[in-house]
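First comes the structure, then the notes that go with it.
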Amino acid sequence: MRHGKKFNHLGRKTAHRKAMLSNMACSLIEHKRINTTEAKAKALRKFVEPLITKSKEDTTHNRRVVFSYLRDKFAVTELFKEISVKVADRPGGYVRIIKLGNRQGDNAPMAMVELVDYNELYNPKGNKAKKNTRRSRRGGAKKTETAAVETQTSQEEE
């Protein structure tokens, strides 16, 4: 039974799990996209999203709190300098998990974890594509017919 089991322990002791999530979060901050198993990806999302929220307000206290989780100066400065600027207007949901299928060796379900604002393919604000409006065939046909009739009448008048 799972009484009181609030989060996935990932088959590891507490210290190992915290170190693993810290390393994965640092890699995600550095590379903006990593591949891992689905269970680790979901655990990483719960680990890293509060840290990104903290990075929106650049105070000494917030930097120290984030550093206590990450233990990497480069990752903390990257998070507070670049990532927090990009996600400043986003109210949450900074991480996207995309399922990739199963791993070849042990058939483990794999997923790609990425920061949402760094993917231009999925980001609607980053890549403004021309929006096509839907038009009915009938409406287009009527317009061309009326235009053809108007040109014929104008030619007959001349």
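Numbering starts at 1 and runs along the sequence shown. Computation of the quantities below employed the complete heavy-atom set of this structure, encompassing side-chain atoms and omitting hydrogens, waters and symmetry-equivalent molecules.
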Closest heavy-atom contact between [X] and [Y]?
{"X": "Ser84", "Y": "Ser55", "value": "CB-O, 3.2 Å"}
{"X": "Val113", "Y": "Leu28", "value": "O-CD1, 3.6 Å"}
{"X": "Met24", "Y": "Ile34", "value": "O-CD1, 3.8 Å"}
{"X": "Val116", "Y": "Gly93", "value": "CG2-O, 3.5 Å"}

Could you grab the distance from atom [atom1] of [X] to atom [atom2] of [Y], nearest 0.5 Å is fine?
{"X": "Phe67", "Y": "Leu51", "atom1": "CZ", "atom2": "CG", "answer": "13.0 Å"}
{"X": "Ile83", "Y": "Asp117", "atom1": "CD1", "atom2": "CG", "answer": "10.0 Å"}
{"X": "Arg64", "Y": "Lys54", "atom1": "CZ", "atom2": "NZ", "answer": "14.5 Å"}
{"X": "Arg90", "Y": "Thr53", "atom1": "CZ", "atom2": "OG1", "answer": "11.5 Å"}

Quiz prompt | Under the ring-ring contact (aromatic ring centres under 6.0 Å, His included) test, residues paired with His16 that sit two or more places apart | solution = none
Practice problem: Not counting sequence neighbours, which residues clear ring-ring contact (aromatic ring centres under 6.0 Å, His included) with Tyr69? List them please. | Solution: Phe47
Is the shortest heavy-atom distance from the side chain of [X] to the side chain of [Y] under 4.5 Å?
{"X": "Ile29", "Y": "Leu70", "value": "yes"}
{"X": "Thr36", "Y": "Leu44", "value": "no"}
{"X": "Phe80", "Y": "Lys56", "value": "no"}
{"X": "Val48", "Y": "Leu21", "value": "no"}
{"X": "Glu38", "Y": "Ile97", "value": "no"}
{"X": "Met20", "Y": "Arg12", "value": "yes"}

Exercise. Quick one: list whatever passes salt bridge (Lys or Arg N to Asp or Glu O under 4.0 Å) with Lys81, sequence neighbours left out.
Key: none
Quiz item: Is the shortest distance from a Lys or Arg side-chain nitrogen in Glu78 or Lys73 to a carboxylate oxygen in the other one below 4.0 Å?
Solution: no
Under 3.5 Å, is there a donor-acceptor pair between the side chain of [X] and the main chain of [Y]?
{"X": "Ser27", "Y": "Asn23", "answer": "yes"}
{"X": "Thr37", "Y": "Pro109", "answer": "no"}
{"X": "Arg45", "Y": "Ala43", "answer": "no"}
{"X": "Asn62", "Y": "Glu57", "answer": "yes"}

Quiz item: More than 12 non-hydrogen atoms from neighbouring residues, nucleotides or ligands closer than 6.0 Å to CZ on Arg17, yes or no?
Solution: yes
Quiz item: Counting only heavy atoms not in Lys42, do more than 12 sit closer than 6.0 Å to its NZ atom?
Solution: no
Quiz item: Do the side chains of Leu10 and Val95 join up, straight or via other hydrophobic residues, at under 4.5 Å, putting them in one cluster?
Solution: yes
Quiz item: Who pairs with Asp58 by side-chain hydrogen bond (donor to acceptor under 3.5 Å, both in side chains), at least two apart in sequence or on another chain?
Solution: Arg63
Self-check item: side-chain hydrogen bond (donor to acceptor under 3.5 Å, both in side chains) partners for Lys86, two or more places apart
Solution: none
Quiz item: Do any pairs count as a side-chain hydrogen bond (donor to acceptor under 3.5 Å, both in side chains) and have a residue in residues 104-116, sequence neighbours left out, and if so which ones?
Solution: Arg33-Glu114, Arg96-Glu114, Asn102-Asn107, Arg103-Asp106, Glu114-Asn119
